[in-house]
Amino acid sequence: MNYAIIFAGGVGRRMNNGSLPKQFLEVHGKPIIIYTLEKFDRNPLIDGVVVICVAGWEDYLQEKINLFGLNKICKILTGGKTAVKSQFIGIDYVKTNLVNDSDTVVLLHDGVRPLIDQKTIDANIKTVQLNGSAITTVPAIETIGISSESGDLERFVDRSKCVMARAPQSYHLDDVYTVHLKAQLEQKSDLFVDSATMMQYYGFALHTVEGNTENIKVTTQTDFYLFRAILDAREEQQMFGGNQSE
């Protein structure tokens, strides 16, 4: 079985949007988080979706899920103090309450990456089934350098060998669950920024899936306007017979 764990725990301080968390900002009458959830809800390979929500907004999210008719949402859980702790809350729920199968795949995804496409979701599942992990990446398109503590630019990195890690990041349920428990036991959970860095630290090989470059993370006002512009461009493509990426 395959489960998506979607994180909607941020409060959007960089968005400067008042009290409304960024994932609930609306574009064309629909919250960003709903655009994201719809993609997983519609995917035939996904058996269920668990959402990790910012505290105090769980009922609001449930109302929106009901309004837009999403059918695969298994549970809304309150997030932890860090992204990694929120990840474990979702992983533990799937392990404890939904399934205990060594073949189960979990896809960890940001609620504010609403432009995820079905091809990337499918590729994540298939790559985990074949290789044990799937880290969605996109090619690096700018020059990358490494600076010193003094601020000097020490050297440049060969861009052709660089990728940017995005989401989903996907694994067998048992593997990522075990690694989280080990990190907690060793009091190292706070050292990691995401599941990929944690899995690699504990010796797991990470296999990549090339994702859609449009699948940005909506964090700032500029990201919000870019997301809206991409939606508008896709709508125009539909109207005039162009191809649309789902």
Q) Side chains of I32 and K22: closer than 4.5 Å at any heavy-atom pair? A) no
Q: For the pair V84 and D194, evaluate side-chain contact (heavy atoms from CB on, under 4.5 Å) and give the outcome as yes or no after the intermediate values.
A: CA-CA 6 Å; V84 169; D194 61 8; 5.8 Å; no
Q.
So V209 and I135, do their side chains get closer than 4.5 Å, heavy atoms only?
A. no
Q. Sequence neighbours excluded, which residues qualify as side chain to side chain donor-acceptor pair (under 3.5 Å) partners of Y225?
A. none
Q. Does a side-chain heavy-atom distance below 4.5 Å link L115 with R234?
A. yes
Q. Is a side-chain N or O of R228 found less than 3.5 angstrom from the main chain of H28, in a donor-acceptor match?
A. no
Q | I116 vs N212, side-chain contact (heavy atoms from CB on, under 4.5 Å): CA-CA, chis, key distance, verdict | A | CA-CA 7 Å; I116 180 69; N212 174 11; over 6 Å; no
Q: Assess the side chains of Q62 and N66: does a donor N or O sit below 3.5 Å from an acceptor N or O?
A: yes
Q. Under a 4.0 Å N-O cut-off, is there an ion pair linking K119 with E210?
A. no
Q) Between S86 (side chain) and G80 (backbone), is there a donor-acceptor pair under 3.5 Å? A) yes
Q.
Applying ring-ring contact (aromatic ring centres under 6.0 Å, His included) as the test, list every pair that has at least one member in residues 197-222; sequence neighbours left out.
A. F192-Y201
Q: Report the hydrophobic cluster partners of I144, with the cluster defined as I, L, V, M, F, W, Y residues connected by side-chain heavy atoms closer than 4.5 angstrom, directly or transitively.
A: I146, V157
Q: Heavy atoms only: give me the nearest N43-Q118 pair and the separation to one decimal.
A: ND2-OE1, 2.7 Å
**Q.** Pairs touching residues 101-146 that satisfy ring-ring contact (aromatic ring centres under 6.0 Å, His included), sequence neighbours left out
**A.** F40-H109
Q | Listed partners of D41 passing side chain to side chain contact (heavy atoms under 4.5 Å, CB included), at least two apart | A | L70, N71, K72
Q) What residues, two or more places apart in sequence or in another chain, satisfy side chain to side chain donor-acceptor pair (under 3.5 Å) together with T120? A) D117
Q) Checking side chain to side chain donor-acceptor pair (under 3.5 Å) against T136, which of N215, N124, T208 comes through? A) N124
**Q.** Audit row: K95, D174, salt bridge (Lys or Arg N to Asp or Glu O under 4.0 Å) steps and yes/no
**A.** CA-CA 8 Å; K95 176 76 173 177; D174 283 353; 2.6 Å; yes
Q. Does G145 offer a backbone N or O that forms a donor-acceptor pair with the side chain of R155 under 3.5 Å?
A. no
List the atom pairs, with distances to 0.1 Å, where a side-chain N or O of residues 46-58 and a protein N or O form a donor-acceptor pair under 3.5 Å, not counting sequence neighbours.
unit_1	atom_1	unit_2	atom_2	d
D47	OD2	N2	N	2.7
E58	OE1	G56	N	3.0
E58	OE2	T78	OG1	2.5

**Q.** Non-hydrogen side-chain atoms of L98 and C74 separated by less than 4.5 Å
**A.** yes
Q | For Q200, side chain to side chain donor-acceptor pair (under 3.5 Å) partners two or more places apart | A | none
**Q.** Residue pair S147 / D152, side-chain donor-acceptor N/O under 3.5 Å
**A.** no
Q.
Could you walk me through whether L108 and I91 satisfy the side-chain contact (heavy atoms from CB on, under 4.5 Å) test, starting with their C-alpha distance in whole Å, then the side-chain angles of each, then the deciding distance to 0.1 Å, before giving a yes or no?
A. CA-CA 9 Å; L108 310 179; I91 292 165; 4.3 Å; yes
Q | Donor-acceptor contact present, side-chain D110 to main-chain V112, <3.5 Å | A | no
Q) Going through the checks in order, is the salt bridge (Lys or Arg N to Asp or Glu O under 4.0 Å) test met by R113 and E214? A) CA-CA 9 Å; R113 286 193 188 274; E214 289 184 349; over 6 Å; no
Q: Supply the atom-to-atom distance I33 CD1 to L61 CG, rounded to the nearest 0.5 angstrom.
A: 6.5 Å
Q.
Using the salt bridge (Lys or Arg N to Asp or Glu O under 4.0 Å) criterion, which residues pair with E142? Sequence neighbours excluded.
A. none
Q.
Can you pull out every ring-ring contact (aromatic ring centres under 6.0 Å, His included) where at least one residue sits in residues 70-96? Sequence neighbours excluded, please.
A. F88-Y177, F88-H180
Q.
side-chain contact (heavy atoms from CB on, under 4.5 Å), that's the test. Do D101 and L173 meet it? Break it down for me.
A. CA-CA 8 Å; D101 185 339; L173 172 62; over 6 Å; no
(Q) I'd like to know if the side chain of T104 pairs up with that of Y3 as donor and acceptor (distance under 3.5 Å, no hydrogens or angles considered). (A) no
Q.
Please give the remaining members of the hydrophobic cluster of F156, linking ILVMFWY side chains under 4.5 Å, ordered by chain and number.
A. L153
Q: State which residues pass salt bridge (Lys or Arg N to Asp or Glu O under 4.0 Å) with K75; sequence neighbours excluded, sorted by chain then number.
A: none
Q) Are any non-hydrogen side-chain atoms of L130 and T127 less than 4.5 angstrom apart? A) no
Q) Will you find, in the side chains of Q169 and S195, an N or O donor that is under 3.5 Å from an N or O acceptor? A) yes
Q: Could you tell me whether R42 and E38 make a salt bridge, using a distance below 4.0 angstrom between a side-chain N and a carboxylate O?
A: yes
